[in-house]
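Here the structure is a predicted model, which is why all the values come from computation and not from measurement.
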Amino acid sequence: MNVGYGLLSSVLETNSDATAPTASSTENRYAVLLNAGPSDTPTAGNGFNYALELDTAGYEVQLFLDGEGTKWPAEFGENPDRPFNHEWKRIEERGLLAGACGYCANAFDVADACEASGIELLSDADEHAPAIAQLAAQDYEILTVG
């Protein structure tokens, strides 16, 4: 039974010769929009893992913090023992974090925490970001999580 690649398939996989898929020659690009914040840790964890799995498979991936997802830099800064902190650090190390919505970060009063963490605010307090139509025009597949 092949249910896809990832944690679930590694648990259910019966073929010990199975290998991870690699990016196809079409060079798919993915924009992961993480809207889940610290109050929805399991969903946010999925977003972190999707970005890492796609990157590991050789796809171009950008993770955008949007909505309550903009709260993560402050949360990990204040509580480094939070679940998924290891995944967060790997995302940062791999350069997958595109930035955070400035409108949302200001609305949730975490803009300073984002900037202190070195995360670029992609807009000011009056504009929403990222520009979804622009990402689509750049051939990104858009995955929203949260």
How long is the straight-line distance from [atom2] of [Y] back to [atom1] of [X], given to the nearest 0.5 Å?
X: Y30; Y: L143; atom1: OH; atom2: CG; value: 7.0 Å
X: C104; Y: E68; atom1: SG; atom2: CD; value: 9.5 Å
X: L97; Y: C114; atom1: CG; atom2: SG; value: 8.5 Å
X: H86; Y: I91; atom1: NE2; atom2: CD1; value: 10.5 Å
X: L96; Y: L52; atom1: CG; atom2: CG; value: 6.5 Å
X: E120; Y: L65; atom1: CD; atom2: CG; value: 11.5 Å

So which atom in [X] and which in [Y] form the shortest heavy-atom distance, rounded to 0.1 Å?
X: A111; Y: N106; value: CB-OD1, 3.7 Å
X: P83; Y: T41; value: CB-CG2, 4.1 Å
X: I119; Y: P73; value: CD1-CG, 3.2 Å
X: A44; Y: G37; value: CB-O, 4.4 Å

**OP:** Could I get the full list of ring pair (Phe, Tyr, Trp, His ring centres under 6.0 Å) partners for F76, not counting sequence neighbours?
**Re:** W72, W88
**OP:** Please identify each residue that fulfils ring pair (Phe, Tyr, Trp, His ring centres under 6.0 Å) with F64, with sequence neighbours left out.
**Re:** none
Let me have the donor-acceptor pairs involving side chains of residues 126-140, under 3.5 Å, with sequence neighbours excluded, atom names and distances please.
from	atom 1	to	atom 2	distance (Å)
H128	NE2	D66	OD1	3.2
H128	NE2	D66	OD2	3.3
Y140	OH	R29	NH2	3.1
Y140	OH	E60	OE2	2.9

Original post:
Taking ILVMFWY side chains as joined if any heavy atoms are under 4.5 angstrom apart, and letting links pass through other members, which residues group with L121?
Top reply: none
Original post:
For V110, which fellow cluster members are found when Ile, Leu, Val, Met, Phe, Trp and Tyr are connected by side-chain heavy-atom distances below 4.5 angstrom, either directly or through intermediates?
Top reply: F108
Original post:
Would you say D55's side chain and A51's backbone share a donor-acceptor pair under 3.5 angstrom?
Top reply: no
Subject >> Under 3.5 Å donor-acceptor, S123 side chain and G102 backbone >> reply: yes
**OP:** Please lay out, stage by stage, how L63 and F48 fare under the test side-chain contact (heavy atoms from CB on, under 4.5 Å).
**Re:** CA-CA 8 Å; L63 177 70; F48 297 145; 4.2 Å; yes
Original post:
Does CZ in F84 sit with more than 12 non-hydrogen atoms of other residues, nucleotides or ligands closer than 6.0 Å?
Top reply: yes
Original post:
Does atom CG of D124 have more than 12 heavy-atom neighbours from other groups under 6.0 Å away?
Top reply: yes
Original post:
Which is it for V145 and N35 under the side-chain contact (heavy atoms from CB on, under 4.5 Å) test, yes or no, and what are the steps along the way?
Top reply: CA-CA 6 Å; V145 179; N35 289 287; over 6 Å; no
**OP:** Kindly work out whether a path of hydrophobic side-chain contacts (I/L/V/M/F/W/Y, heavy atoms less than 4.5 Å apart) joins L54 to I142.
**Re:** no
**OP:** Output every pair passing salt bridge (Lys or Arg N to Asp or Glu O under 4.0 Å) with a member in residues 81-90, not counting sequence neighbours, ordered by first then second residue.
**Re:** E75-R82
